[in-house]
*Asks:* 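Got a structure here, written out as structure tokens. Questions coming.
Because the structure is predicted, anything quoted here is derived from the model rather than measured.
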Amino acid sequence: YQSIILATIAAIYGLSYLLVRYFAKPRARKKVDLLTLMVSEGNHSSKVLLLFSWGLLGLELLKRLYFSGWSVASMLTYSFGPRFNRPWASAAGSLGDEKFVFALVGILLPLAGLILGAEMVNAKKLQPALMSAVGYLMVLVLAIAAGSRTPVVLLVVLPLIFYLKKTRSALKRGLAVLLVASMLTATTSVIYNTRDNGLIYAAQRSAQDAAAVVYHQDDSYYRAINTMHVVDHTYERWALAPFLGASLLNFVPRAIWPEKPALTKEYWGDFKLHYVTITFVAELTALFGIAGGVMIAILVGVSGFLFLLSLYRRIESSYDLLLYVLGSVYIYMVFRSLLNLTQFVYMLLFFFIMLKIDQNLALAKRRKLVRSLYR
């Protein structure tokens with residue numbers, strides 16, 4: 001089964017390379033015109049994205065203060081304590097009809113951090129850079145305290161991508177990658193060790209225990225092997241219609257659809273645990289058998305690569321680069337589980353809409369300036 005998984009991944013990479021090498025046409029470079037020459041990256045934004053980011057961060061802080069009785073000390077205690085003991089958590093039972101709105105603010109908060117990180121890198125003046133840096137660090141701290149490993153990795157890696165984009169020194173690039181890798185190793189290990197007990201618990205532990213490095217993603221790989229074993233030796237299969245329905249409707253909140261299927265062992269049978277994903281290769285195997293699942297998995301993998309390729313060819317500014325990074329995270333989550341087809345597309349679509357609004361307003365401003373030059 002390990003060889004089957006390896007062969008599937010190799011086929012995805014091989015086909016993707018062939019499509020790019022022999023079939024994908026290179027994008028023609030745009031002609032440099034007056035509009036392009038008049039605008040430098042870093043000040044072309046109409047600040048829609050920046051206002052959106054600070055608004056989200058402010059709403060998140062207000063939400064936490066509201067559920068902490070407007071006490072800053074209580075808010076900090078809850079924020080850095082056990083994640084299931086927070087009054088604003090979905091498991092706390094203290095949220096009513098506003099649960100979905102408050103949850104949506106928390107879900108979109110990493111997007112605010114990413115935009116603030118981009119503004120921090122692109123700022124031409126010290127004051128805007130410092131303000132964006134403060135907001136970026138606040139979002140990063142909240143994500144670490146929440147135990148959200150994927151947003152934390154994204155927030156830490158994004159400045160690295162911008163730095164690599166701006167510098168050509170191999171030594172500086174190597175040192176930056178080493179620094180970020182070390183930060184991620186330490187940070188994600190702390191998150192894993194303390195996400196159930198909180199960062200306050202980590203401060204009370206010995207330095208030796210708190211510094212233990214933990215890797216926690218290989219379980220998905222072994223569950224994929226187990227899925228192939230179950231398919232190979234039993235007649236158990238997932239039903240296509242319920243799985244497809246769950247994947248396409250997973251974005252609907254439980255406030256609207258209380259009976260939405262939960263990721264429990266009773267629902268998934270012997271293929272997975274309720275807290276472990278098995279990757280899209282194993283899910284398709286559970287639906288169509290090993291041969292059929294592998295063939296469809298190759299098509300899904302190649303499609304995901306071509307989607308990223310289309311985003312990559314759009315990159316003309318740091319904001320387009322951020323869109324590409326968000327697209328990469330979306331594809332990563334889909335590869336973890338096809339249930340995320342709609343669950344994690346909200347952030348990508350929301351930023352794409354905001355980016356288009358921002359760019360159109362900035363373009364209209366530049367066109368107005370150009371027209372004034374010819375009057």
*Asks:* Heavy atoms, side chains only, cut-off 4.5 Å: are Phe344 and Val329 in contact?
*Replies:*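 Result no, sub-4.5 Å side-chain heavy-atom pair not found.
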*Asks:* Considering non-hydrogen atoms only, spot the tightest contact between Ser68 and Tyr78 and give its length.
*Replies:* OG-CD1, 3.7 Å
*Asks:* Quick one: CD1 on Ile115 to CG on Leu50, what's the gap to the nearest 0.5 Å?
*Replies:* 8.5 Å
*Asks:* Between Met354 and Leu111, is any pair of side-chain heavy atoms under 4.5 Å apart?
*Replies:*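 In short, these two side chains do not touch, never coming nearer than 4.5 Å.
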*Asks:* Does Val345 form a side chain to side chain contact (heavy atoms under 4.5 Å, CB included) with Leu341? I'd like the steps, not just the answer.
*Replies:* CA-CA 7 Å; Val345 75; Leu341 277 171; over 6 Å; no
*Asks:* Among side-chain atoms of Tyr222 and Gln2, is any donor-acceptor pair under 3.5 angstrom?
*Replies:*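 Absent: no donor and acceptor within the cut-off.
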*Asks:* Answer yes or no: is there a side-chain heavy-atom contact under 4.5 Å between Thr279 and Tyr221?
*Replies:*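 No. Closest side-chain heavy atoms not under 4.5 Å.
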*Asks:* Rounded to the nearest 0.5 Å, what separation is found between the OG atom of Ser220 and the CZ atom of Phe335?
*Replies:*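 Atom-to-atom, Ser220:OG and Phe335:CZ are 14.5 Å apart.
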*Asks:* Are Leu248 and Leu338 connected in the hydrophobic side-chain network, where two residues link if heavy atoms are under 4.5 Å apart?
*Replies:* no
*Asks:* Measuring from Leu244:CG to Leu287:CG, what's the distance to the nearest 0.5 Å?
*Replies:*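 These two atoms lie 9.0 Å from each other.
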*Asks:* Hydrophobic clusters here meaning ILVMFWY residues chained together by side-chain heavy-atom distances under 4.5 Å, can you tell me if Tyr22 and Val302 are in one?
*Replies:* yes
*Asks:* Using atom types as modelled and distance alone, determine if a side-chain donor or acceptor of Tyr312 lies under 3.5 Å from a backbone N or O of Leu321.
*Replies:*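 A pair under 3.5 Å: no.
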*Asks:* Report yes if some heavy atom in the side chain of Phe80 is under 4.5 Å from a heavy atom in the side chain of Arg86; otherwise report no.
*Replies:*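 Answer no - side chains too far apart.
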*Asks:* Start with the C-alpha gap between Trp70 and Leu62, add the side-chain angles, then the distance that decides, and say whether side chain to side chain contact (heavy atoms under 4.5 Å, CB included) holds.
*Replies:* CA-CA 8 Å; Trp70 303 105; Leu62 284 175; 4.1 Å; yes
*Asks:* Mind checking whether Val334 and Phe280 have side chains closer than 4.5 Å, heavy atoms only?
*Replies:*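 No; the side chains remain at least 4.5 Å from each other.
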*Asks:* Would you please test Leu154 and Leu326 for side chain to side chain contact (heavy atoms under 4.5 Å, CB included) and show each step?
*Replies:* CA-CA 9 Å; Leu154 187 58; Leu326 291 173; 4.2 Å; yes
*Asks:* Hey, are the side chains of Asp232 and Tyr1 touching, using non-hydrogen atoms and a 4.5 Å cut-off?
*Replies:* yes
*Asks:* Between Ser132 (side chain only) and Pro128 (backbone N and O only), is there a donor and an acceptor less than 3.5 Å apart?
*Replies:*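 Judged by distance alone, yes, a pair lies under 3.5 Å.
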*Asks:* Answer with yes or no after comparing the ring centroid distance for Phe52 and Phe350 against a 6.0 Å cut-off, counting only values under it.
*Replies:* yes
*Asks:* On a heavy-atom basis, which atom in Val152 and which in Leu184 lie closest, and how many Å separate them?
*Replies:* O-CD2, 4.5 Å
*Asks:* Can you tell me how far apart OH (Tyr163) and CZ (Arg173) are? Round to the nearest 0.5 Å.
*Replies:* 9.5 Å
*Asks:* Does Met295 sit in a hydrophobic cluster with other residues, and if so which ones, taking ILVMFWY side chains as linked at heavy-atom separations under 4.5 Å, directly or through other members?
*Replies:*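 The other cluster members (ILVMFWY side chains, heavy atoms under 4.5 Å, direct or chained): none.
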*Asks:* Write down the atom of Thr167, the atom of Ser169, and the distance for their closest heavy-atom approach.
*Replies:*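 Thr167 and Ser169 have their closest heavy atoms at OG1-N, 3.4 Å.
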*Asks:* Mind running side chain to side chain contact (heavy atoms under 4.5 Å, CB included) on Val281 and Met228 for me, showing each step along the way?
*Replies:* CA-CA 10 Å; Val281 177; Met228 290 189 173; 3.9 Å; yes
*Asks:* Which residues satisfy the side-chain hydrogen bond (donor to acceptor under 3.5 Å, both in side chains) test with Ser79, sequence neighbours excluded?
*Replies:* Arg64
*Asks:* For Ile278, does its backbone N or O pair with a side-chain atom of Ser337 as donor and acceptor, under 3.5 Å?
*Replies:*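 Flag not set: sc Ser337 to bb Ile278 has no pair under 3.5 Å.
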*Asks:* Please say yes or no: joined through hydrophobic side-chain contacts below 4.5 Å, possibly via intermediate residues, are Leu126 and Leu116 part of one cluster?
*Replies:* no
*Asks:* Between Val294 and Leu299, is there a shared hydrophobic cluster once you connect ILVMFWY residues whose side-chain heavy atoms come closer than 4.5 Å?
*Replies:* no
*Asks:* Over all heavy atoms of both residues, which pair between Asp358 and Val48 is shortest? Give the atoms and the distance, please.
*Replies:* OD1-N, 3.3 Å
*Asks:* Ignoring hydrogens and geometry, is there a side-chain-to-backbone donor-acceptor pair from Tyr136 to Leu155 under 3.5 Å?
*Replies:* yes
*Asks:* Under a 3.5 Å distance rule, please check whether Ser310 uses its side chain to pair with a backbone N or O of Phe307 as donor and acceptor.
*Replies:* yes
*Asks:* What is the ring orientation for Trp238 with Phe243, classed by angle as parallel under 30°, tilted 30 to 60°, or perpendicular over 60°?
*Replies:* parallel
*Asks:* Specify the closest pair of heavy atoms between Leu306 and Leu19, including all atoms of both residues, with the distance to one decimal.
*Replies:*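 Between these two residues, the closest heavy atoms are CD1-CD1, 4.0 Å.
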*Asks:* With a 4.5 Å cut-off on side-chain heavy atoms, are Ile161 and Leu322 touching?
*Replies:*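 No. Closest side-chain heavy atoms not under 4.5 Å.
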*Asks:* Determine yes or no for a side-chain-to-main-chain donor-acceptor pair under 3.5 angstrom, with Ser328 supplying the side chain and Tyr324 the backbone.
*Replies:*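 Flag set: sc Ser328 to bb Tyr324 pair under 3.5 Å.
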*Asks:* Hydrophobic clustering (ILVMFWY, side-chain heavy atoms < 4.5 Å, transitive) - are Val180 and Leu164 grouped together?
*Replies:*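 Yes, because Leu164 and Val180 connect within a single hydrophobic cluster, where side-chain heavy atoms sit under 4.5 Å apart.
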*Asks:* Could you tell me the separation between the CG atom of Leu308 and the OH atom of Tyr330, rounded to the nearest 0.5 Å?
*Replies:* 11.0 Å
*Asks:* Evaluate whether atom CE of Met347 has more than 12 neighbouring non-hydrogen atoms of other residues, nucleotides or ligands under 6.0 angstrom away.
*Replies:* yes
*Asks:* At their closest point, which heavy atom of Pro151 faces which heavy atom of Pro110, and how far apart are they?
*Replies:* CB-CG, 3.7 Å
*Asks:* If we only count heavy atoms from C-beta on, is the Leu140 to Ile144 side-chain gap below 4.5 Å?
*Replies:* yes
*Asks:* With rounding to the nearest 0.5 angstrom, report the CD1 to OG1 distance, Ile4 to Thr285.
*Replies:*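 If I round to the nearest 0.5 Å, the distance is 8.0 Å.
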